[in-house]
Amino acid sequence: MARRPTTIETLAIAALALWLGGCGPADPPQFQLNTEGREPDSIGRSQREAILGALDRLYGTPDEPGVPRDVWLDLDRLRVAAGPTFGDEQGRRFGLYRGHCARCHGIGGDGAGPAARLLNPYPRDFRQGIFKYTRTASGAKPVREDLEQTLQFGVPGTAMPSFARLADDDRANLIEYVKYLSLRGETELFLLQVVVDEDEYLPLSRSMVLEDGVLPLAELWEGAADLVVTPPPPPPVATREQWLASVERGRAAYRNEAARCVDCHGPEGQGDGEEEEIHDDWNKPKAGMTASHTRELARRFTLPVQELRPRDFTTGILRSGDRADSLYWLTHIGIKGTPMPAAGPQPGVPGPLTPEEIWHVVHYIRHLAGQGKP
Amino acid sequence: MRSPLPRRFSRRRFLAHGAAGAGAFATGFAAPAILRAADTWGDLVGRFVYDGPPPERPRLTVDKDVVHCGQYDIRDESLMVADDGGLSNVYVYCRERRLDLCPELEQSADEQALLDNRNCILVPHCLKIWHTEQDLFIRNSEPVAENVAFSPLGDRPANIVLPPPPAEGATATWRFGRPQRVPVPIVCNYHPWEIAYILPLDHPYVDISAADGTFRIEKLPVGRREFQVWQERPGYLITERWPRARFRVDVKPGVNNLGTIRIEPAAFEKG
């Protein structure tokens, strides 16, 4: 015969159920104000309300996204990606972002989801509108294919996995939602500058917010396709002799003092160059002049400062995976949001290496990584 | 390298001129705007003075490319005060956008604003650019490779390598896509002590105080205008007189002289 639970056990089970389930339906999640780099109490209540109110009117909420007037975002796709996860009677899945991305990237795309603190590098904070791996010229936004590639293949050597198993349409929905979070985040930065830094008089002009804080940012995304860098055909490397000759030329270009690859990646590509304490754009503001200054700054940020380690190519793990064209773009264009600059020519910027030299460098790096040998 | 895209008639300016042109048409196709300049435009002048003894400029740590850069006496440029108190590198700029433009300013504007890497610093330390009229021309005059990186809010960030001359890549041309509300820092990832600032605006109504602290914003459209004041140490230059780091002036034809503007040292201690 089953033993009846004791009073203490009953109370413990009830408390556990209450703790797990709460007393009623949970409040819908809200976007949190981006306070990165600021003293938490430096933003007044009316300023906070003005910023969040403007964002709410323009972009809606995590459960019910909206699209600002004259912006190209596809609301139907956003609605599939947003909100809580569930499936309908036709078997369609909703809440894709929360199901697949929010654990690392956070509900609002702040790159500070529950798992983020454990990861190195941290998940991308979409709100600055900067994406590292693109095929578009210096500083330009990514094109859809760039984000698709990241979802398809993941980012080797990081916690970003491949989402190749998702349906093409679902990846397209997620890409739209990432653009949405990014655009919203940049509008938020604009509003923080106007409302908090400039201490602008409230209420804000809605037309000013749209014309200066939304539409120019949306135009940058629209214009990205015009800035795609097309790699020339690679030099022939079908034979072992051709391959080794290209690798050798790549080694010479890599060590060319004008390109300064060695400064960070070291003379043999082992990530041991003389540059120290390198940070990406997300972590640079967290790094103080001294250790105590860094500790003092830490309270202004969600996650502790993280140093950037230049890639050690000899580990065989490249962010571009084993795709030579991706490695070409990464070398020609650089890695946005990091000190890795563009080595190749771009509009108005000749750069230190020619496209042909970049292909040789790509072959040299692949050689170091144990890739591509014919 | 000159940028290939035409810029003389951007959409926004075309619209602004269209409105002005309609006004001229309504008055009987009277005089061209340039003849009306004397009573339509006014200059704003003044002089910033640091109200205390000139601060020390500490020597900066030069630990990269030491063989070359170590030969220079490189010092902090974040607060530059002349012996007589003249305060340089203070930005004063009109906060309004879509202002009427004096035709003379358009005709006389340089096609480029120059940023030079020279003596292991960025020169000038503070610059302005009328981005709808001007490109940023960046030059490396050093025997070592340089880098120029900046991230304007909501515009394309740059991260450019400039090999030493005579390589073709020793110069670069950059176009800003939108105005900024505050100057943008420019850094060199190779030489961490190197820093400069640039303020892209879609109008020419800005000046940076010179070594003697003086500034002059020429040919402002007459009327009530609001100006922002910014200096790199505190950012927005907040004073008792300017709690929002801005001031209003009813610009009249001719010279509008603000006189000497004394800034307490305490204004530079925050930020």
Side-chain angles (χ1 to χ4, degrees), chain A residues 128-130 136-141 186-187 189-190 192-194 197-201 208 211-214 216-217 219-220 223-224 227 256-261 263-264 274-278 281 284 333-354, chain B residues 1-5 12 61 63-65 95 97-98 135-138 140 143-165 167-175 177-182 187-190 192 228 230 235-236 238 243-246:
Chain A
Q128 291 191 25
I130 298 172
T136 50
S138 185
K141 298 289 184 197
E186 284 197 275
T187 300
L189 291 177
F190 168 81
L192 283 161
Q193 188 179 60
V194 174
D197 298 343
E198 278 187 28
D199 195 13
E200 186 55 284
Y201 298 104
M208 183 277 287
E211 284 179 25
D212 292 349
V214 178
L217 303 168
E219 281 175 17
L220 286 179
L227 292 166
N256 179 339
E257 287 186 1
R260 303 194 79 141
C261 307
D263 282 22
C264 294
E274 65 175 21
E275 290 288 344
E276 294 171 343
E277 296 180 25
I278 303 171
D281 283 4
K284 202 180 286 178
I333 292 159
I335 303 178
K336 287 160 185 165
T338 78
M340 168 80 187
Q346 299 178 73
V349 182
L353 299 179
T354 66
Chain B
M1 186 186 298
R2 180 76 182 130
S3 203
L5 302 177
R12 184 164 290 155
T61 305
D63 53 2
K64 303 280 162 57
D65 287 321
R95 294 189 79 238
R97 305 264 306 279
R98 302 168 185 94
D135 291 330
L136 175 63
F137 183 72
I138 310 163
N140 180 13
V144 296
E146 290 281 355
N147 167 249
V148 162
F150 46 87
S151 297
L153 188 67
D155 199 356
R156 287 198 303 138
N159 189 354
I160 298 167
V161 178
L162 300 148
E168 185 196 3
T171 62
T173 308
W174 190 263
R175 179 178 294 182
R178 63 176 306 199
Q180 295 292 309
R181 302 180 80 91
V182 289
V187 300
C188 170
N189 285 311
Y190 302 145
Q228 191 82 57
W230 191 95
Y236 294 102
I238 293 169
R244 281 182 150 91
R246 36 180 127 141

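Letters go in sequence order (proteins before strands), and every chain restarts at 1.
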Donor-acceptor pair, [X] side chain versus [Y] backbone, under 3.5 Å?
{"X": "B:Asn147", "Y": "B:Asn189", "value": "yes"}
{"X": "A:Asp199", "Y": "B:Arg244", "value": "no"}
{"X": "B:Asn140", "Y": "B:Pro163", "value": "yes"}
{"X": "B:Asn159", "Y": "A:Thr338", "value": "yes"}

Let me see the working for B:Val182 and B:Tyr236 under side chain to side chain contact (heavy atoms under 4.5 Å, CB included), right down to the final yes or no.
CA-CA 8 Å; B:Val182 289; B:Tyr236 294 102; 3.0 Å; yes
With a 4.5 angstrom heavy-atom cut-off, which part of [X] approaches chain B: side chain, backbone, both or neither?
{"X": "A:Gln128", "value": "neither"}
{"X": "A:Leu227", "value": "side chain"}
{"X": "A:Ala259", "value": "backbone"}
{"X": "A:Asp197", "value": "both"}

Quick one: what part of B:Asp65 sits under 4.5 Å from any heavy atom of chain A, side chain, backbone, both or neither?
side chain
By a 4.5 Å heavy-atom criterion (distance strictly below it), what part of B:Arg178 contacts chain A: side chain, backbone, both, or neither?
side chain
Flag the one option from B:Arg95, B:Arg156, B:Lys64 with the top tally of heavy-atom pairs under 4.5 Å to chain A.
B:Arg156
Among A:Met340, A:Glu186, A:Glu198, residue most engaged with chain B (heavy-atom pairs, under 4.5 Å):
A:Glu198
